[in-house]
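Following: one structure in structure tokens, then a few remarks.
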Amino acid sequence: MTIVWKVDPDAANLTDDPGIREAGLRIKRGETVAFPTETVYGLGANALSNEAVQKIFEAKGRPGDNPLIVHISDRVQLKDLVLSVPREAEVLMDAFWPGPLTIVFPASGRVADKVTAGLPTVAVRMPDHPVARALIEAAGVPIAAPSANRSGRPSPTTAAHVLEDLTGRIAGILDGGATGVGVESTVVDATVRPLTILRPGGVTREQLVACVGEVESDAALTTPDAKPKAPGMKYRHYAPKAPVYLVTGDCERVRRFVRQAKAEGKAVGVLTTAEHRDAYPDADFVAVAGRRTDLATVAHGLYDALRAFDSRALDVIFSETFERAGIGEAIMNRLNKAAAHRVL
Ligand code: TXA
Ligand code: MG
């Protein structure tokens, strides 16, 4: 049984909300609870307990070599988790916390081994969502939380997505409505110089550069065969059941691939944006993710659109592509993974 607690994120005194209090108690006791953050829903457990964290890996079917992000609600909690706080990390925290930025620090050894998957580092973030923050406070412990999807599926941006994947596998879920950003946090390694982006996300490269000057990219972000420093980046992810192909160029080019696949008798899906909603009359199913003129709306709607394909029997999915600037970098990173780097 998975309990659903409805919470209004705009309510005053969320720490007194009965759902959040019970969810916090359950986390402290070693159970798993899903909760909204500003990026995607997370599946939380007490980061100080191996037994609790093990339940996250089991519920998700997540490989044990993929470490988890530790979520805190107060900078004071950081001291216990890390060996040291590099000066550049301090600058990033001042600029982007609370918010969609995860920072990799040298680990103190205080969090459970399963959280760091045996690495000497620990990834920490302070989410910018009132329900997440109130839950961490109610639990009284830092919360380890990956995205609350079954491994390999697109991350959940609504409570319905979480329930689709994890009903009966987790103790409960705090339903605080749809998340805002829609793609996960940016992961930055602060144990190396220059600071290195391991996963693009809600805080853009441009924002990071404006804040600290030089920022590198993990080699795996540009060379698909390189071994990524964030273990999770090596897995195929975000993928609908039907194979996805990214199609560069304009809609007419996408239409040509649609027509060709239809001629071969295939059931065809297209991932597009509101501007081109009606541009694919031959497709069997069209999923719309936001507006091309405002990439933040595409990020917001991307995972819901990817999930929508699985409710149809499709043989192939063609996706439009986006400029890799700003949040477009995170969007294209997720689309490339969904497509297993198949580009037409
Ligand atoms: O927005 C987010 O970050 C969401 C919400 C729930 O906070 N969480 C999330 O967690 O996306 P997850 O587990 O789906 O992705 C965490 C990523 C993985 O790629 C993992 O390998 C990497 O962060 N990671 C975690 N700890 C790390 C570490 N010590 N060093 C390098 N990469 C690490
Ligand atoms: Mg994930």
Quiz item: Hey, what do you get for CD1 (Ile27) to CG (Leu135), rounding to the nearest 0.5 Å?
Solution: 5.0 Å

Exercise. Please round to the nearest 0.5 Å and tell me the distance separating atom CD1 of Ile20 and atom CH2 of Trp5.
Key: 10.5 Å

Practice problem: Determine, stepwise, if the pair Glu184 / Ser147 fulfils side-chain hydrogen bond (donor to acceptor under 3.5 Å, both in side chains). | Solution: CA-CA 8 Å; Glu184 301 85 343; Ser147 49; 4.7 Å; no

Quiz prompt | Whether Asn66 side chain and Pro231 backbone form a donor-acceptor pair below 3.5 Å | solution = no

Self-check item: Transitive ILVMFWY side-chain link Val203 to Val91, under 4.5 Å
Solution: yes

Practice problem: List the atom of Pro9, the atom of Gly176, and the distance in Å for their closest heavy-atom pair. | Solution: CG-O, 3.3 Å

Quiz prompt | Shortest non-hydrogen separation from Pro127 to Pro98 and the atoms involved | solution = O-CB, 3.4 Å

Exercise. Could you grab the distance from atom CD of Glu137 to atom CD1 of Ile143, nearest 0.5 Å is fine?
Key: 10.5 Å

Quiz prompt | Cluster link Val4 to Val162, ILVMFWY, side chain under 4.5 Å | solution = yes

Quiz item: How far apart are the closest heavy atoms of Gly290 and Glu275, and which atoms are they?
Solution: O-OE1, 4.4 Å

Quiz prompt | Under-4.0 Å salt bridge between Asp17 and Lys6 | solution = no

Quiz item: Can you get from Leu43 to Val124 by hopping between Ile, Leu, Val, Met, Phe, Trp and Tyr side chains that sit under 4.5 Å apart?
Solution: yes

Quiz item: Are there more than 12 heavy atoms of other residues, nucleotides or ligands under 6.0 Å from atom CZ of Arg277?
Solution: no

Exercise. Please determine if Glu38 and Arg133 form a salt bridge, counting it only when a charged side-chain N lies under 4.0 Å from a carboxylate O.
Key: no

Practice problem: Might you confirm whether atom CZ of Arg292 has over 12 heavy atoms from other residues, nucleotides or ligands at distances under 6.0 Å? | Solution: yes

Practice problem: Nearest 0.5 Å please: distance from the CG atom of Leu208 over to the CD atom of Glu216. | Solution: 13.0 Å

Practice problem: Answer yes or no: are there more than 12 heavy-atom neighbours, outside Glu323 itself, under 6.0 Å from its atom CD? | Solution: no

Quiz item: Is a donor on one side and an acceptor on the other found under 3.5 Å between the side chain of Asp113 and the backbone of Gly118?
Solution: no

Quiz item: Do the non-hydrogen side-chain atoms of Lys79 and Arg110 ever get within less than 4.5 Å of each other?
Solution: no

Practice problem: Measure the spacing between CZ of Arg199 and CD1 of Ile197 and express it to the nearest 0.5 Å. | Solution: 12.0 Å

Self-check item: Closest non-hydrogen atom pair between Pro67 and Arg62, with its separation
Solution: O-NH2, 2.9 Å

Quiz item: Where do Thr2 and Arg169 land on the side-chain hydrogen bond (donor to acceptor under 3.5 Å, both in side chains) test, with the steps shown first?
Solution: CA-CA 7 Å; Thr2 296; Arg169 297 178 156 270; over 6 Å; no

Quiz item: Going by heavy atoms in the side chains, are Arg153 and Arg307 under 4.5 Å from each other?
Solution: yes

Practice problem: With side chain to side chain contact (heavy atoms under 4.5 Å, CB included) as the test, would you mind laying out the steps for Gln260 and Arg256 before giving the verdict? | Solution: CA-CA 6 Å; Gln260 194 182 322; Arg256 280 214 305 276; 5.9 Å; no

Quiz item: Heavy atoms, side chains only, cut-off 4.5 Å: are Ser108 and Asp80 in contact?
Solution: no

Practice problem: Would you please test Arg125 and Thr37 for side-chain hydrogen bond (donor to acceptor under 3.5 Å, both in side chains) and show each step? | Solution: CA-CA 11 Å; Arg125 97 172 183 98; Thr37 79; 3.0 Å; yes

Quiz prompt | Heavy-atom donor-acceptor pair, His300 side chain to Gly182 backbone, under 3.5 Å | solution = no

Exercise. Report the relative orientation of the aromatic rings in Phe105 and Trp97; use parallel for angles under 30°, tilted for 30 to 60°, perpendicular for over 60°.
Key: perpendicular

Quiz item: Quick check: are there more than 12 heavy atoms from other residues, nucleotides or ligands sitting under 6.0 Å from CZ of Arg205?
Solution: yes

Practice problem: Just do the side chain to side chain contact (heavy atoms under 4.5 Å, CB included) check on Arg312 and Asp284 with the steps written out, would you? | Solution: CA-CA 9 Å; Arg312 310 292 192 293; Asp284 296 274; over 6 Å; no

Quiz item: Counting distance only, does the side-chain N/O of Thr273 pair as donor-acceptor with the main-chain N or O of Arg291 below 3.5 Å?
Solution: no

Self-check item: Glu51 atom CD, over 12 foreign heavy atoms within 6.0 Å
Solution: no

Quiz item: Quick check: does any side chain N or O of Thr196 sit under 3.5 Å from a backbone N or O of Pro194, one acting as donor and the other as acceptor?
Solution: yes

Quiz item: Under 3.5 Å, side chain of Arg255 to main-chain N/O of Tyr280, donor-acceptor pair present?
Solution: no

Quiz item: Is the side chain of Lys337 donor-acceptor paired with the backbone N or O of Met233 at a distance under 3.5 Å, no angle test?
Solution: yes

Quiz item: Would you say the side-chain atoms of His161 and Asn149 include a donor-acceptor pair closer than 3.5 Å?
Solution: no

Practice problem: Quick one: do Thr39 and Ser185 satisfy side-chain hydrogen bond (donor to acceptor under 3.5 Å, both in side chains)? Show the steps, please. | Solution: CA-CA 6 Å; Thr39 57; Ser185 62; 5.8 Å; no

Quiz item: Are the side chain of Thr297 and the backbone N or O of Asp294 linked by a donor-acceptor pair below 3.5 Å?
Solution: yes

Exercise. Take Val70 and Leu81 through the side chain to side chain contact (heavy atoms under 4.5 Å, CB included) test and state the conclusion after the steps.
Key: CA-CA 9 Å; Val70 179; Leu81 308 176; 3.8 Å; yes

Exercise. Give the minimum heavy-atom separation between Leu92 and Cys211, together with the two atoms involved.
Key: CD2-SG, 4.1 Å

Quiz item: In terms of hydrophobic clustering (I, L, V, M, F, W, Y; side-chain heavy atoms under 4.5 Å; direct or indirect links), are Val215 and Leu198 co-clustered?
Solution: no

Quiz item: Are Asp94 and Arg75 close enough that some pair of their side-chain heavy atoms sits under 4.5 Å apart?
Solution: yes

Quiz item: Are the side chain of Asn13 and the backbone N or O of Thr15 linked by a donor-acceptor pair below 3.5 Å?
Solution: no

Self-check item: Qualifying salt bridge (charged side-chain N to carboxylate O under 4.0 Å, His left out) pairs with a residue from residues 218-231, counting only residues at least two apart or across chains
Solution: Asp189-Lys229

Quiz item: Leu174 and Ile69: same hydrophobic cluster, using ILVMFWY side-chain contacts below 4.5 Å?
Solution: no

Quiz item: Is a side-chain N or O of Thr223 found less than 3.5 angstrom from the main chain of Ala226, in a donor-acceptor match?
Solution: no

Quiz prompt | Atom of Pro86, atom of Ala190 and distance for their closest heavy-atom approach | solution = CG-O, 3.4 Å

Quiz item: Charged N to carboxylate O below 4.0 Å: is that the case for Lys262 and Asp282?
Solution: no

Quiz prompt | Linked hydrophobic residues, Ile327 as query - side chain contacts closer than 4.5 Å | solution = Val40, Val181, Val183, Tyr238, Val244, Leu246, Leu271, Phe285, Leu295, Val298, Leu302, Tyr303, Leu306, Phe309, Leu314, Ile317, Phe322, Ile331, Met332, Leu335, Val343

Quiz prompt | Candidate list Ile56, Val53, Leu166, test side-chain contact (heavy atoms from CB on, under 4.5 Å), partner Thr32, passing option | solution = Ile56

Exercise. Take Glu264 and Asp315 through the side chain to side chain contact (heavy atoms under 4.5 Å, CB included) test and state the conclusion after the steps.
Key: CA-CA 11 Å; Glu264 290 164 10; Asp315 298 308; over 6 Å; no

Exercise. Measure the spacing between CZ of Phe57 and CG of Asp65 and express it to the nearest 0.5 Å.
Key: 8.5 Å

